[in-house]
**Student:** 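Below: one structure in C-alpha coordinates.
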Protein chains: 2
Amino acid sequence: MPKSVPDRPVLRSAKRAGGRDACATRAAILASAVRAFAAHGYDGAGVREIARGAGVTAMLVNRYFGSKEKLFGEAVAATMAQPVILAQGNLAAPDRARAFAQALEAITRPGAAPLDGFAIMLKSAASPRAAAISRAQIAKHHFQTLERTLTGPNTEERAALVLSLVAGLHQMRQTLRLPALVKADPAALTALLEPLFAQLL
Amino acid sequence: MPKSVPDRPVLRSAKRAGGRDACATRAAILASAVRAFAAHGYDGAGVREIARGAGVTAMLVNRYFGSKEKLFGEAVAATMAQPVILAQGNLAAPDRARAFAQALEAITRPGAAPLDGFAIMLKSAASPRAAAISRAQIAKHHFQTLERTLTGPNTEERAALVLSLVAGLHQMRQTLRLPALVKADPAALTALLEPLFAQLL
DNA sequence: GTCTATAAGCCGATAGAC
DNA sequence: GTCTATCGGCTTATAGAC
(Lines give C-alpha, C1' and ligand atoms only; values in the text may rest on other atoms or scores of the structure.)
Protein backbone atom coordinates (compact mmCIF):
# COMPACT_ATOMS: atom_id res chain seq x y z
CA MET A 1 0.00 0.00 0.00
CA PRO A 2 1.46 3.41 -0.93
CA LYS A 3 1.94 6.09 1.68
CA SER A 4 1.40 9.12 -0.52
CA VAL A 5 1.19 12.61 0.92
CA PRO A 6 -1.04 14.10 -1.71
CA ASP A 7 -1.43 17.45 0.08
CA ARG A 8 0.20 20.55 -1.23
CA PRO A 9 3.16 19.06 -3.10
CA VAL A 10 5.50 22.02 -2.66
CA LEU A 11 5.47 24.60 0.09
CA ARG A 12 8.38 26.61 -1.19
CA SER A 13 6.65 29.51 -2.88
CA ALA A 14 9.22 32.26 -2.17
CA LYS A 15 12.27 30.58 -3.57
CA ARG A 16 14.53 31.96 -6.24
CA ALA A 17 14.44 30.62 -9.77
CA GLY A 18 17.07 27.95 -9.20
CA GLY A 19 15.37 26.74 -6.02
CA ARG A 20 18.32 27.82 -3.87
CA ASP A 21 16.89 29.31 -0.69
CA ALA A 22 18.31 27.33 2.19
CA CYS A 23 15.98 28.75 4.81
CA ALA A 24 12.80 28.17 2.83
CA THR A 25 13.91 24.66 1.89
CA ARG A 26 14.58 23.80 5.49
CA ALA A 27 11.19 25.13 6.58
CA ALA A 28 9.46 23.24 3.79
CA ILE A 29 11.11 19.99 4.83
CA LEU A 30 10.19 20.52 8.47
CA ALA A 31 6.56 21.28 7.62
CA SER A 32 6.35 18.19 5.44
CA ALA A 33 7.92 16.12 8.21
CA VAL A 34 5.30 17.27 10.72
CA ARG A 35 2.53 16.27 8.34
CA ALA A 36 4.08 12.89 7.53
CA PHE A 37 4.96 11.97 11.13
CA ALA A 38 1.49 12.98 12.33
CA ALA A 39 -0.09 10.83 9.64
CA HIS A 40 2.09 7.73 9.75
CA GLY A 41 4.27 7.87 12.88
CA TYR A 42 8.06 7.68 13.12
CA ASP A 43 8.54 4.26 11.57
CA GLY A 44 5.77 4.67 9.02
CA ALA A 45 6.94 7.97 7.53
CA GLY A 46 9.81 7.63 5.08
CA VAL A 47 12.47 10.19 4.26
CA ARG A 48 11.50 9.96 0.59
CA GLU A 49 7.88 10.72 1.40
CA ILE A 50 8.88 13.72 3.51
CA ALA A 51 11.16 14.97 0.76
CA ARG A 52 8.44 14.60 -1.86
CA GLY A 53 6.06 16.63 0.30
CA ALA A 54 8.62 19.44 0.38
CA GLY A 55 9.45 19.26 -3.31
CA VAL A 56 13.04 18.10 -2.82
CA THR A 57 14.98 14.85 -2.87
CA ALA A 58 15.59 12.54 0.06
CA MET A 59 19.24 13.44 0.17
CA LEU A 60 18.48 17.03 1.15
CA VAL A 61 16.55 15.90 4.19
CA ASN A 62 19.62 14.30 5.69
CA ARG A 63 21.77 17.16 4.47
CA TYR A 64 19.70 19.71 6.43
CA PHE A 65 18.81 17.67 9.50
CA GLY A 66 21.58 15.08 9.77
CA SER A 67 19.32 12.07 10.18
CA LYS A 68 15.69 11.04 10.31
CA GLU A 69 15.91 10.89 14.09
CA LYS A 70 17.13 14.48 14.44
CA LEU A 71 14.45 15.62 12.01
CA PHE A 72 11.86 13.88 14.18
CA GLY A 73 13.22 15.69 17.22
CA GLU A 74 12.81 19.06 15.56
CA ALA A 75 9.34 18.19 14.30
CA VAL A 76 8.18 17.18 17.78
CA ALA A 77 9.72 20.26 19.37
CA ALA A 78 8.04 22.51 16.81
CA THR A 79 4.56 21.04 17.26
CA MET A 80 4.70 20.90 21.05
CA ALA A 81 5.88 24.48 21.36
CA GLN A 82 2.29 25.54 20.62
CA PRO A 83 0.26 24.77 23.74
CA VAL A 84 -3.13 24.65 21.96
CA ILE A 85 -5.68 23.28 24.46
CA LEU A 86 -3.75 23.35 27.65
CA ALA A 87 -2.80 27.00 27.83
CA GLN A 88 -6.16 28.27 29.07
CA GLY A 89 -4.72 28.95 32.49
CA ASN A 90 -6.15 32.43 32.77
CA LEU A 91 -9.65 31.20 33.55
CA ALA A 92 -11.19 30.49 36.92
CA ALA A 93 -11.46 26.85 37.88
CA PRO A 94 -15.10 26.08 36.95
CA ASP A 95 -14.91 27.93 33.65
CA ARG A 96 -11.62 26.25 32.89
CA ALA A 97 -13.08 22.76 33.19
CA ARG A 98 -15.79 23.71 30.71
CA ALA A 99 -13.28 25.36 28.38
CA PHE A 100 -11.05 22.27 28.44
CA ALA A 101 -13.97 19.96 27.74
CA GLN A 102 -15.21 22.06 24.83
CA ALA A 103 -11.74 22.48 23.36
CA LEU A 104 -10.94 18.77 23.62
CA GLU A 105 -14.27 17.73 22.11
CA ALA A 106 -13.85 20.16 19.21
CA ILE A 107 -10.29 19.10 18.48
CA THR A 108 -10.99 15.38 18.52
CA ARG A 109 -14.17 15.72 16.45
CA PRO A 110 -14.09 13.33 13.48
CA GLY A 111 -13.64 15.87 10.72
CA ALA A 112 -11.34 18.19 12.63
CA ALA A 113 -7.61 18.52 12.14
CA PRO A 114 -5.80 16.51 14.79
CA LEU A 115 -3.33 18.01 17.23
CA ASP A 116 -0.06 17.37 15.44
CA GLY A 117 1.89 17.00 18.68
CA PHE A 118 -0.40 14.35 20.11
CA ALA A 119 -0.85 12.59 16.78
CA ILE A 120 2.91 12.32 16.33
CA MET A 121 3.41 11.07 19.87
CA LEU A 122 0.60 8.50 19.71
CA LYS A 123 1.54 7.09 16.30
CA SER A 124 5.25 6.93 17.12
CA ALA A 125 4.85 5.04 20.40
CA ALA A 126 6.22 1.81 18.91
CA SER A 127 9.71 3.23 18.40
CA PRO A 128 11.71 3.51 21.65
CA ARG A 129 13.85 6.32 20.29
CA ALA A 130 10.86 8.30 19.09
CA ALA A 131 9.10 7.66 22.41
CA ALA A 132 12.07 9.06 24.33
CA ILE A 133 12.03 12.22 22.24
CA SER A 134 8.27 12.62 22.71
CA ARG A 135 8.58 12.05 26.45
CA ALA A 136 11.21 14.74 26.82
CA GLN A 137 9.27 17.29 24.80
CA ILE A 138 5.96 16.53 26.52
CA ALA A 139 7.62 17.01 29.89
CA LYS A 140 9.31 20.20 28.74
CA HIS A 141 6.33 21.93 27.15
CA HIS A 142 2.84 20.59 27.80
CA PHE A 143 3.44 19.18 31.23
CA GLN A 144 5.16 22.29 32.60
CA THR A 145 2.58 24.63 31.10
CA LEU A 146 -0.20 22.64 32.66
CA GLU A 147 1.30 22.03 36.06
CA ARG A 148 2.04 25.73 36.54
CA THR A 149 -1.65 26.58 36.38
CA LEU A 150 -2.68 24.04 39.01
CA THR A 151 -2.93 24.63 42.75
CA GLY A 152 -3.39 22.31 45.69
CA PRO A 153 -1.96 18.84 46.32
CA ASN A 154 -0.62 16.38 43.75
CA THR A 155 -0.26 18.95 40.99
CA GLU A 156 2.16 16.72 39.11
CA GLU A 157 -0.09 13.71 39.15
CA ARG A 158 -3.17 15.74 38.26
CA ALA A 159 -1.40 17.43 35.35
CA ALA A 160 -0.24 14.05 34.09
CA LEU A 161 -3.78 12.67 34.34
CA VAL A 162 -5.12 15.61 32.33
CA LEU A 163 -2.58 14.77 29.64
CA SER A 164 -3.60 11.10 29.83
CA LEU A 165 -7.24 12.03 29.33
CA VAL A 166 -6.40 14.20 26.32
CA ALA A 167 -4.16 11.50 24.86
CA GLY A 168 -6.73 8.78 25.49
CA LEU A 169 -9.58 10.61 23.83
CA HIS A 170 -7.37 11.64 20.93
CA GLN A 171 -6.33 8.04 20.50
CA MET A 172 -9.75 6.45 20.71
CA ARG A 173 -11.78 9.09 18.91
CA GLN A 174 -9.50 10.48 16.24
CA THR A 175 -6.75 7.93 15.66
CA LEU A 176 -8.68 4.69 16.22
CA ARG A 177 -12.08 6.20 15.39
CA LEU A 178 -14.03 4.11 17.86
CA PRO A 179 -17.59 4.12 16.46
CA ALA A 180 -19.22 5.11 19.76
CA LEU A 181 -17.07 8.25 19.92
CA VAL A 182 -17.29 9.11 16.23
CA LYS A 183 -21.07 9.14 16.17
CA ALA A 184 -21.47 10.62 19.65
CA ASP A 185 -23.36 13.87 20.10
CA PRO A 186 -20.73 16.61 20.65
CA ALA A 187 -22.77 18.33 23.35
CA ALA A 188 -23.28 15.08 25.27
CA LEU A 189 -19.60 14.29 25.04
CA THR A 190 -18.65 17.73 26.31
CA ALA A 191 -21.07 17.35 29.19
CA LEU A 192 -19.45 14.05 30.14
CA LEU A 193 -15.93 15.45 29.89
CA GLU A 194 -16.52 18.58 31.95
CA PRO A 195 -16.88 16.91 35.38
CA LEU A 196 -13.78 14.85 34.66
CA PHE A 197 -11.71 17.96 34.13
CA ALA A 198 -13.39 19.60 37.09
CA GLN A 199 -12.12 16.74 39.26
CA LEU A 200 -8.56 17.21 38.05
CA LEU A 201 -8.20 21.01 37.86
CA MET B 1 19.09 -1.23 16.21
CA PRO B 2 18.17 -4.90 16.55
CA LYS B 3 14.72 -5.91 17.65
CA SER B 4 15.60 -9.03 19.56
CA VAL B 5 13.01 -10.91 21.56
CA PRO B 6 15.30 -12.40 24.18
CA ASP B 7 12.47 -13.86 26.26
CA ARG B 8 11.85 -17.56 26.35
CA PRO B 9 13.27 -18.63 22.99
CA VAL B 10 11.05 -21.63 22.48
CA LEU B 11 7.63 -22.30 23.92
CA ARG B 12 7.15 -25.67 22.35
CA SER B 13 7.86 -28.01 25.21
CA ALA B 14 5.44 -30.81 24.38
CA LYS B 15 6.56 -31.45 20.85
CA ARG B 16 7.69 -34.75 19.45
CA ALA B 17 11.34 -35.42 18.72
CA GLY B 18 11.22 -34.17 15.15
CA GLY B 19 9.40 -30.99 16.11
CA ARG B 20 6.32 -31.98 14.15
CA ASP B 21 3.30 -31.02 16.25
CA ALA B 22 1.20 -28.70 14.16
CA CYS B 23 -1.03 -27.57 16.99
CA ALA B 24 1.82 -26.75 19.38
CA THR B 25 3.76 -24.98 16.65
CA ARG B 26 0.77 -22.84 15.81
CA ALA B 27 0.25 -21.95 19.45
CA ALA B 28 3.93 -21.12 19.89
CA ILE B 29 3.87 -18.79 16.89
CA LEU B 30 0.73 -17.07 18.14
CA ALA B 31 2.19 -16.57 21.62
CA SER B 32 5.40 -15.18 20.17
CA ALA B 33 3.38 -12.87 17.92
CA VAL B 34 1.45 -11.47 20.89
CA ARG B 35 4.71 -10.70 22.67
CA ALA B 36 6.33 -9.13 19.63
CA PHE B 37 3.31 -7.04 18.60
CA ALA B 38 2.83 -5.82 22.17
CA ALA B 39 6.48 -4.82 22.36
CA HIS B 40 7.03 -3.27 18.93
CA GLY B 41 3.64 -2.76 17.28
CA TYR B 42 2.44 -4.05 13.91
CA ASP B 43 5.03 -2.35 11.73
CA GLY B 44 7.86 -2.78 14.22
CA ALA B 45 7.50 -6.53 14.73
CA GLY B 46 8.97 -8.62 11.94
CA VAL B 47 7.90 -12.06 10.80
CA ARG B 48 11.46 -13.30 11.32
CA GLU B 49 11.51 -12.02 14.89
CA ILE B 50 8.18 -13.69 15.65
CA ALA B 51 9.41 -16.94 14.15
CA ARG B 52 12.63 -16.81 16.19
CA GLY B 53 10.60 -16.35 19.39
CA ALA B 54 8.67 -19.51 18.56
CA GLY B 55 11.73 -21.52 17.57
CA VAL B 56 10.74 -21.88 13.92
CA THR B 57 11.54 -20.21 10.61
CA ALA B 58 9.78 -17.25 9.07
CA MET B 59 8.29 -19.37 6.37
CA LEU B 60 6.19 -21.34 8.84
CA VAL B 61 4.56 -18.18 10.11
CA ASN B 62 3.04 -17.47 6.74
CA ARG B 63 2.32 -21.15 6.23
CA TYR B 64 0.19 -21.33 9.38
CA PHE B 65 -1.44 -17.91 9.29
CA GLY B 66 -1.39 -16.94 5.63
CA SER B 67 0.07 -13.48 6.14
CA LYS B 68 1.38 -11.13 8.78
CA GLU B 69 -1.90 -9.26 8.72
CA LYS B 70 -3.98 -12.36 9.44
CA LEU B 71 -1.57 -13.32 12.20
CA PHE B 72 -2.05 -9.87 13.71
CA GLY B 73 -5.81 -10.31 13.60
CA GLU B 74 -5.59 -13.56 15.52
CA ALA B 75 -3.17 -12.07 18.04
CA VAL B 76 -5.49 -9.14 18.73
CA ALA B 77 -8.55 -11.38 19.00
CA ALA B 78 -6.74 -13.67 21.42
CA THR B 79 -5.57 -10.90 23.74
CA MET B 80 -8.86 -9.01 23.76
CA ALA B 81 -10.88 -12.10 24.51
CA GLN B 82 -9.66 -11.81 28.12
CA PRO B 83 -11.52 -8.85 29.67
CA VAL B 84 -8.97 -8.24 32.45
CA ILE B 85 -9.87 -4.94 34.12
CA LEU B 86 -13.21 -4.20 32.66
CA ALA B 87 -15.11 -7.32 33.64
CA GLN B 88 -15.76 -6.35 37.24
CA GLY B 89 -19.40 -5.77 36.50
CA ASN B 90 -20.65 -7.75 39.46
CA LEU B 91 -19.87 -4.99 41.95
CA ALA B 92 -22.09 -2.17 43.13
CA ALA B 93 -21.38 1.22 41.60
CA PRO B 94 -19.27 2.85 44.32
CA ASP B 95 -17.17 -0.26 44.93
CA ARG B 96 -16.75 -0.70 41.21
CA ALA B 97 -15.19 2.75 40.78
CA ARG B 98 -12.66 1.90 43.45
CA ALA B 99 -12.00 -1.54 41.97
CA PHE B 100 -11.44 -0.03 38.52
CA ALA B 101 -9.07 2.59 39.89
CA GLN B 102 -7.05 0.05 41.84
CA ALA B 103 -6.89 -2.39 38.94
CA LEU B 104 -5.86 0.26 36.45
CA GLU B 105 -3.20 1.67 38.75
CA ALA B 106 -1.77 -1.79 39.42
CA ILE B 107 -1.70 -2.78 35.77
CA THR B 108 -0.03 0.39 34.56
CA ARG B 109 2.52 0.40 37.39
CA PRO B 110 6.06 0.78 35.99
CA GLY B 111 7.32 -2.72 36.72
CA ALA B 112 4.06 -4.52 35.95
CA ALA B 113 3.32 -6.52 32.82
CA PRO B 114 1.30 -4.39 30.41
CA LEU B 115 -2.12 -5.36 29.12
CA ASP B 116 -1.20 -7.05 25.86
CA GLY B 117 -4.42 -6.01 24.16
CA PHE B 118 -3.98 -2.33 24.91
CA ALA B 119 -0.24 -2.40 24.26
CA ILE B 120 -0.78 -3.94 20.83
CA MET B 121 -3.51 -1.46 19.98
CA LEU B 122 -1.55 1.58 21.15
CA LYS B 123 1.71 0.64 19.45
CA SER B 124 0.03 -0.36 16.20
CA ALA B 125 -1.94 2.86 15.78
CA ALA B 126 0.27 4.08 12.93
CA SER B 127 -0.82 1.32 10.58
CA PRO B 128 -4.32 1.86 9.14
CA ARG B 129 -4.89 -1.85 8.58
CA ALA B 130 -3.79 -2.73 12.10
CA ALA B 131 -5.94 0.08 13.48
CA ALA B 132 -9.00 -1.25 11.69
CA ILE B 133 -8.44 -4.70 13.17
CA SER B 134 -7.97 -3.25 16.66
CA ARG B 135 -11.07 -1.11 16.30
CA ALA B 136 -13.23 -4.06 15.36
CA GLN B 137 -11.95 -6.23 18.21
CA ILE B 138 -12.23 -3.46 20.80
CA ALA B 139 -15.81 -2.86 19.76
CA LYS B 140 -16.55 -6.58 19.81
CA HIS B 141 -15.04 -7.46 23.17
CA HIS B 142 -14.09 -4.69 25.57
CA PHE B 143 -16.68 -2.17 24.54
CA GLN B 144 -19.59 -4.59 24.64
CA THR B 145 -18.52 -6.07 27.96
CA LEU B 146 -18.30 -2.65 29.47
CA GLU B 147 -21.44 -1.13 28.05
CA ARG B 148 -23.56 -4.05 29.25
CA THR B 149 -22.72 -3.27 32.87
CA LEU B 150 -23.71 0.39 32.66
CA THR B 151 -27.10 1.88 33.35
CA GLY B 152 -28.61 5.31 32.79
CA PRO B 153 -28.17 7.72 29.87
CA ASN B 154 -25.30 7.79 27.37
CA THR B 155 -24.04 4.32 28.15
CA GLU B 156 -22.18 4.11 24.85
CA GLU B 157 -20.36 7.39 25.33
CA ARG B 158 -19.55 6.62 28.96
CA ALA B 159 -18.19 3.17 28.10
CA ALA B 160 -16.05 4.69 25.37
CA LEU B 161 -14.72 7.31 27.78
CA VAL B 162 -13.78 4.61 30.29
CA LEU B 163 -11.82 2.90 27.53
CA SER B 164 -10.23 6.24 26.62
CA LEU B 165 -9.14 6.74 30.21
CA VAL B 166 -7.64 3.27 30.40
CA ALA B 167 -5.90 3.72 27.04
CA GLY B 168 -4.62 7.17 27.97
CA LEU B 169 -3.11 6.09 31.27
CA HIS B 170 -1.65 2.99 29.69
CA GLN B 171 -0.09 5.13 26.99
CA MET B 172 1.32 7.85 29.21
CA ARG B 173 2.39 5.75 32.17
CA GLN B 174 3.51 2.46 30.72
CA THR B 175 4.27 3.02 27.06
CA LEU B 176 5.63 6.58 27.18
CA ARG B 177 6.70 6.38 30.83
CA LEU B 178 5.95 10.01 31.63
CA PRO B 179 8.17 10.74 34.67
CA ALA B 180 5.37 12.25 36.75
CA LEU B 181 3.35 9.04 36.42
CA VAL B 182 6.27 6.65 36.84
CA LYS B 183 7.37 8.14 40.15
CA ALA B 184 3.85 8.88 41.40
CA ASP B 185 2.67 7.33 44.65
CA PRO B 186 0.34 4.44 43.74
CA ALA B 187 -2.12 5.27 46.50
CA ALA B 188 -2.33 8.92 45.46
CA LEU B 189 -2.85 7.93 41.85
CA THR B 190 -5.61 5.50 42.79
CA ALA B 191 -7.28 8.20 44.86
CA LEU B 192 -7.23 10.55 41.89
CA LEU B 193 -8.58 7.93 39.49
CA GLU B 194 -11.46 6.77 41.64
CA PRO B 195 -13.66 9.88 41.31
CA LEU B 196 -13.08 9.86 37.56
CA PHE B 197 -14.45 6.35 37.26
CA ALA B 198 -17.23 7.23 39.70
CA GLN B 199 -18.32 9.98 37.30
CA LEU B 200 -18.45 7.58 34.37
CA LEU B 201 -19.91 4.41 35.89
C1' DG C 1 22.40 24.21 -3.17
C1' DT C 2 20.79 20.37 -5.34
C1' DC C 3 21.06 16.50 -8.08
C1' DT C 4 21.67 11.17 -9.64
C1' DA C 5 23.34 6.91 -8.37
C1' DT C 6 24.32 3.59 -5.15
C1' DA C 7 25.63 1.15 -0.91
C1' DA C 8 24.10 -2.04 2.66
C1' DG C 9 20.47 -4.07 4.92
C1' DC C 10 15.77 -5.34 6.29
C1' DC C 11 11.07 -6.46 4.87
C1' DG C 12 7.06 -9.97 3.61
C1' DA C 13 6.17 -13.68 0.86
C1' DT C 14 7.22 -17.81 -2.01
C1' DA C 15 9.48 -22.01 -4.63
C1' DG C 16 11.09 -26.30 -4.19
C1' DA C 17 13.74 -29.97 -1.62
C1' DC C 18 13.36 -33.44 1.94
C1' DG D 1 5.98 -30.54 8.85
C1' DT D 2 9.87 -27.99 8.24
C1' DC D 3 13.76 -26.50 5.97
C1' DT D 4 17.14 -23.38 2.83
C1' DA D 5 17.43 -20.14 -0.59
C1' DT D 6 15.71 -16.42 -2.92
C1' DC D 7 12.75 -12.70 -5.18
C1' DG D 8 11.42 -8.02 -5.52
C1' DG D 9 10.86 -4.04 -3.05
C1' DC D 10 11.43 -1.11 0.50
C1' DT D 11 14.46 1.57 3.92
C1' DT D 12 18.26 5.17 5.65
C1' DA D 13 22.27 7.19 4.52
C1' DT D 14 26.24 8.55 1.60
C1' DA D 15 29.58 9.54 -2.54
C1' DG D 16 30.49 12.36 -6.11
C1' DA D 17 28.99 15.33 -10.16
C1' DC D 18 27.33 19.87 -11.47
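The structure presented is a predicted model; accordingly, all values stated were derived computationally and were not measured. We name chains A, B, ... by the order of the sequence lines, and we start the count at 1 in each one.
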**Student:** Using atom CG of B:D43 as one end and atom C1' of D:dC10 as the other, report the distance to the nearest whole Å.
**Tutor:**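 It is 12 Å, rounded to the nearest whole Å.
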**Student:** Whole Å only: how far is the NZ atom of A:K68 from the P atom of D:dT14?
**Tutor:** 15 Å
**Student:** Could you check A:E49, A:R35, A:K123 and say which one makes a side chain to side chain donor-acceptor pair (under 3.5 Å) with A:H40?
**Tutor:**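 Filter result, single survivor: A:E49.
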**Student:** Rounded to the nearest Å, what distance is computed from the CG atom of residue A:L60 to the C1' atom of nucleotide D:dG16?
**Tutor:** 15 Å
**Student:** B:R52 has an atom CZ; how far is it from atom C1' of D:dT4, in whole Å?
**Tutor:**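 Those two atoms, CZ and C1', are 17 Å apart.
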**Student:** Can you name the nearest heavy-atom pair linking B:A106 to B:A112, along with the distance?
**Tutor:** O-CB, 3.5 Å
**Student:** Report the distance from atom CG of B:N62 to atom C1' of C:dC11, rounded to the nearest whole Å.
**Tutor:**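 Result: 11 Å.
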**Student:** Any idea which of C:dT2, D:dT2, C:dC3 is nearest the A:T57 side chain?
**Tutor:** C:dC3
**Student:** Under the side-chain contact (heavy atoms from CB on, under 4.5 Å) test against B:L71, which residue among B:N62, B:V61, B:V76 passes?
**Tutor:**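 Looking at B:N62, B:V61, B:V76, the match for B:L71 under the side-chain contact (heavy atoms from CB on, under 4.5 Å) is B:V61.
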**Student:** B:R129 CZ to C:dC11 P: how many Å, rounded?
**Tutor:**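 After rounding, the reported distance stands at 16 Å.
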**Student:** If you check every side-chain atom of A:S67, which of C:dG12, D:dA13, C:dT2 has the closest atom?
**Tutor:** D:dA13
**Student:** Rounded to whole Å, please give me the gap between CD1 in B:I50 and P in C:dC11.
**Tutor:** 11 Å
**Student:** For B:R48 and D:dT4, what is the distance between atoms CZ and P respectively, to the nearest whole Å?
**Tutor:**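 Atom CZ in B:R48 sits about 12 Å away from atom P in D:dT4.
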**Student:** Touch check for B:F65, heavy atoms < 4.0 angstrom, all strands: base, sugar-phosphate only, or nothing?
**Tutor:**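 No contact.
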**Student:** Name the closest nucleotide to the A:Y64 side chain, picking from C:dT2, D:dG1, D:dC3.
**Tutor:**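 That would be C:dT2.
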**Student:** Of B:L163, B:I107, B:T79, which meets side-chain contact (heavy atoms from CB on, under 4.5 Å) against B:F118?
**Tutor:**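 That would be B:L163; it is the only one of B:L163, B:I107, B:T79 passing the side-chain contact (heavy atoms from CB on, under 4.5 Å) with B:F118.
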**Student:** Look at the side-chain N and O atoms of B:T25 and state whether any lies under 4.0 Å from the OP1 or OP2 oxygen of D:dG1.
**Tutor:**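 The answer is no; no side-chain N or O of B:T25 sits under 4.0 Å from OP1 or OP2.
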**Student:** Considering non-hydrogen atoms only, spot the tightest contact between B:G152 and B:T155 and give its length.
**Tutor:** O-CG2, 3.3 Å
**Student:** Nearest to the side chain of A:M59, heavy atoms from C-beta on, is which of D:dG1, C:dC3, C:dG12?
**Tutor:** C:dC3
